[in-house]
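Computation of the quantities below employed the complete heavy-atom set of this structure, encompassing side-chain atoms and omitting hydrogens, waters and symmetry-equivalent molecules.
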Amino acid sequence: YKLDPAKIILKLGDTEIQKLTGEHNGWVVDHSEDTVERTVMYYTTPIEHGETTGLFIDSLTIDSSVTDDFTRTETTDETGKYKTITYTYKYDGNLFCVEIEADAIQTHNADKAIKSVWGRNVTIDKGTKKLSLVND
């Protein structure tokens, strides 16, 4: 809990997920739900059983600055002849984890179902059935 989750960089193309605006591969980011540890995305059109969505991320990297935070210690053996230099990094022994939770709702009265299940106001185009986020 003391480590910075912003060091995990998720991207779609050349853009970090947290900086995406508009629709990309059928996905929109709900920036009103963003935290440093969470990004909420919605797929904008219904998918049939067995179909797949467009990619919502295509790369995951760890910021190279994780190697910048370290402690350097020097010890000399009892003869004074040999010196040992040890670097201990803040992130030594830690893991970076990305957890993805996927939920689905019914397409019948989808706007009401989304509000009921996720508490989010959306509009659904009656012709295309495409979802748009409503800015509250």
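- The CG atom of D58 sits 9.5 Å away from the NZ atom of K11 when rounded to the nearest 0.5 Å.
- Counting only distance, with no hydrogens or angles, the side chain of S65 and the backbone of D68 share no donor-acceptor pair below 3.5 Å.
- Checked by atom type and distance alone, the side chain of N25 never pairs as donor or acceptor with a backbone atom of W27 at under 3.5 Å.
- Under a hydrophobic-cluster definition in which Ile, Leu, Val, Met, Phe, Trp and Tyr are linked whenever side-chain heavy atoms come within less than 4.5 Å, directly or via other members, L3 and V36 are assigned to different clusters.
- Using a 4.5 Å heavy-atom threshold, the side chains of I9 and L60 count as separate.
- Within the 3.5 Å criterion, the main-chain N or O of Q18 finds no donor-acceptor partner in the side chain of E16.
- The residues R120 and E33 are annotated as not salt-bridged, no charged nitrogen and carboxylate oxygen being separated by less than 4.0 angstrom.
- Of all the heavy atoms in I8 and C97, the pair that sits closest is CD1-O, 3.8 Å.
- No side-chain heavy atom of T15 sits less than 4.5 Å from a side-chain heavy atom of H24.
- Linking ILVMFWY residues whenever their side-chain heavy atoms come closer than 4.5 Å, directly or via other members, places Y43 and I100 in the same cluster.
- Side-chain N or O atoms of H31 include one that pairs as donor or acceptor with a backbone N or O of L20 at under 3.5 Å.
- Within 6.0 Å of atom NZ in K7, more than 12 heavy atoms from other residues, nucleotides or ligands are found, so the atom counts as buried in its surroundings.
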List the steps and the verdict of side chain to side chain contact (heavy atoms under 4.5 Å, CB included) for T45 and K129. CA-CA 6 Å; T45 56; K129 298 188 189 239; over 6 Å; no
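- Within the 6.0 Å centre-distance limit, the rings of F96 and Y91 are counted as a close aromatic pair.
- Rounded to the nearest 0.5 Å, atoms CG (D30) and CZ (R38) are 9.0 Å apart.
- Across all non-hydrogen atoms, the minimal contact from A6 to D4 is N-OD1, 2.9 Å.
- Between the side chain of T44 and the backbone N or O of G26, at least one donor-acceptor pair lies under 3.5 Å.
- Between the side chain of D111 and the backbone N or O of T123 there is no donor-acceptor pair closer than 3.5 Å.
- Checked against side-chain contact (heavy atoms from CB on, under 4.5 Å), D14 has no partners two or more places apart in sequence or in another chain.
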Can you give me every donor-acceptor pair (side chain of residues 78-90, partner residue at least two apart or in another chain, under 3.5 Å) with its distance?
residue, atom, partner, partner atom, Å
T79, OG1, D77, OD1, 2.9
T79, OG1, D77, OD2, 2.9
T79, OG1, K81, N, 3.1
K83, NZ, E74, OE1, 3.3
Y87, OH, R72, NE, 3.2

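- Under the 4.5 Å side-chain heavy-atom criterion for grouping Ile, Leu, Val, Met, Phe, Trp and Tyr, I62 is connected to L10 within one hydrophobic cluster.
- Grouped with L133 in one hydrophobic cluster are V28, V40, Y42, I105, I114, V117, W118, V122, I124, L131, the linkage being side-chain heavy-atom contacts under 4.5 Å among Ile, Leu, Val, Met, Phe, Trp and Tyr residues.
- Checking side-chain atoms of D125 against main-chain N and O of T128 turns up a donor-acceptor pair under 3.5 Å.
- Counting only heavy atoms from C-beta outward, the side chains of I47 and T52 never approach each other to under 4.5 Å.
- Taking all atoms of both residues into account, the shortest heavy-atom contact from T67 to S64 is OG1-O, 2.9 Å.
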